[in-house]
Amino acid sequence: MIDFHFHSLHSDGTDRPEDLPHLAEAAGLSAACLTDHDTVDGIAAFLAEQPKVKVRLLAGTELSCRFLGRSLHVLGLLVDHEDARFRERLADLRGRREDRNLRMVKRLQELGHRITLEDVQAQADSPLLSRVHFAKALVAAGSVKHTHEAFERLIGDDGPGYVEREELEPEEAARWIREAGGVPIVAHPGRFGRHGFPWEEPMKDLQARGIAGFEAYYGEYNPAQQHYFLRLSEKLKMVVSGGSDYHGANKPGLKIGVGRGDLRVPDSLLVDLESVRARGAWN
Ligand code: AMP
Ligand code: MN
Ligand code: MN
Ligand code: MN
């Protein structure tokens, strides 16, 4: 069993990166890939635990793209986290995020919420601020009772307090990831668009734009979704990945490795991902 999608406190999770390898080991995993949003800052501390655990520790990240008018997440699995150009590109993405965050604070203030950037920062353990931290700050300010209410009423993708940031084109994300030696994988396609979204044609389009595969196993999929995406991968000859999307206490009910309890991502997927990686830049 493996888990190739989870977060640390360097993005919107709550665990220290050095603790995650031990959770992976306790879950009985053979390999684990840390995929914080827009950063590889947690990777060094994560990989430094390698001598202490049997689980194979791997580097990744999760980027946000614009696709069909919505946000599409793309994982960069097995990237070289020390690649200088990739790190600069990620720093640029974090700059766009900071700009969005400033505009989002302003928007929330205009909507009558007493919230500052410092209030949001106070909810985070790293410099990267995400909507998860906005949600917590809105609870602390008394604007909403629970973080899920913050997403429902204010800062969800269609909410009045949400401000978009400039997102990558899928081919740009795919190229950046491949140039850093990684494998570009669509994260949780089952969460994109309405339920039952027909993925075949859009996924072919993404494949033509450099995306190698997608998550057929995911912490929040039901068995029918897993089945659908496994069949699609056979049809399109695309590689498959999977993970829990564990965020620690920021996403209660999900555990590393097993998701809601029944997730099992097969070991063999790593072999496939490594062979895509070995085929090099544009195969
Ligand atoms: P950001 O990258 O700052 O726009 O924040 C996106 C993050 O917010 C996602 O990775 C999720 O962790 C979280 N998120 C987005 N929408 C929701 C939602 N409706 N309910 C709970 N968490 C959400
Ligand atoms: Mn997240
Ligand atoms: Mn995501
Ligand atoms: Mn994620």
Side-chain angles (χ1 to χ4, degrees), residues 3-15 17 20 32-40 42 60-67 70-77 90 93-105 107-108 117 120-121 123-124 126-139 144-168 170 173 184-193 195 214-215 217-221 241-256 259 263 265:
D3 189 335
F4 284 2
H5 187 170
F6 52 85
H7 299 269
S8 80
L9 52 73
H10 284 276
S11 65
D12 52 353
T14 54
D15 291 80
L20 289 163
C33 185
L34 174 62
T35 55
D36 277 315
H37 300 275
D38 299 345
T39 184
V40 287
T61 185
E62 182 172 9
L63 309 181
S64 298
C65 300
R66 206 74 198 152
F67 185 59
R70 297 189 70 87
S71 190
L72 177 85
H73 291 181
V74 173
L75 297 167
L77 301 180
L90 293 178
L93 293 183
R94 294 195 296 277
R96 299 184 201 182
R97 173 183 283 280
E98 281 165 20
D99 174 63
R100 185 282 307 257
N101 288 346
L102 283 171
R103 288 182 289 130
M104 207 157 117
V105 165
R107 169 79 62 86
L108 288 163
L117 193 66
V120 182
Q121 182 68 67
Q123 300 297 331
S126 83
L128 189 146
L129 302 184
S130 117
R131 274 186 278 163
V132 167
H133 308 113
F134 275 82
K136 289 180 159 182
L138 286 163
V139 173
V144 291
K145 281 208 174 66
H146 304 287
T147 53
H148 67 85
E149 193 189 333
F151 281 103
E152 260 162 40
R153 281 193 28 219
L154 289 168
I155 59 169
D157 284 2
D158 304 313
Y162 175 57
V163 176
E164 285 174 7
R165 64 196 145 115
E166 194 191 328
E167 290 176 310
L168 296 171
I185 293 285
V186 176
H188 44 70
R191 265 178 46 189
F192 183 88
H195 196 67
F214 47 87
E215 286 188 311
Y217 299 87
Y218 185 64
E220 293 176 295
Y221 281 175
S241 184
S244 60
D245 211 2
Y246 172 77
H247 282 67
N250 281 343
K251 219 169 170 186
L254 281 179
K255 282 199 176 132
I256 207 159
L263 180 71
V265 187

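Please read these numbers as outputs of a predicted model, since none were measured by experiment. Side chains included, hydrogens not; waters and symmetry mates left out as well; all remaining heavy atoms used. Just follow the structure's listing: the first ligand is 1, and inside any ligand the first atom is 1. One is the number of the first residue; the rest follow in order along the sequence.
Test D157, D12, N101, L138 against R131 for side-chain contact (heavy atoms from CB on, under 4.5 Å) and you get one pass: D157.
R94 contributes a side-chain N or O that, together with a main-chain N or O of D38, makes up a donor-acceptor pair within less than 3.5 Å. Between the side chain of R107 and the backbone N or O of P160 there is at least one donor-acceptor pair closer than 3.5 Å. Side chain of H247 to backbone of D245: a donor-acceptor contact under 3.5 angstrom is found.
When the N, O or S atoms of H7 are ranked by distance to the Mn ion (ligand 4), NE2 comes first.
If you check the side chains of D15 and H7, you find no donor sitting under 3.5 Å from an acceptor. Side-chain atoms of H5 and E62 form a donor-acceptor pair, as typed in the model, at a separation below 3.5 Å.
With sequence neighbours excluded, the residues that form a side chain to side chain donor-acceptor pair (under 3.5 Å) with E164 are R66. Take K136 and apply the side-chain contact (heavy atoms from CB on, under 4.5 Å) test, not counting sequence neighbours, and it matches T14, Q123, T147, N250.
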### Message
Walk me through whether V144 and E152 qualify under side-chain contact (heavy atoms from CB on, under 4.5 Å).
### Response
CA-CA 10 Å; V144 291; E152 260 162 40; over 6 Å; no

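The contact shell of ligand 1, taken as protein residues with any non-hydrogen atom closer than 4.0 angstrom, comprises D12, H37, R97, R100, S130, R131, V132, F151, R165, H247.
The set of protein atoms (N, O or S) found at less than 2.8 Å from the Mn ion (ligand 3) reads E62 OE2, H73 ND1, H188 NE2, by chain and number.
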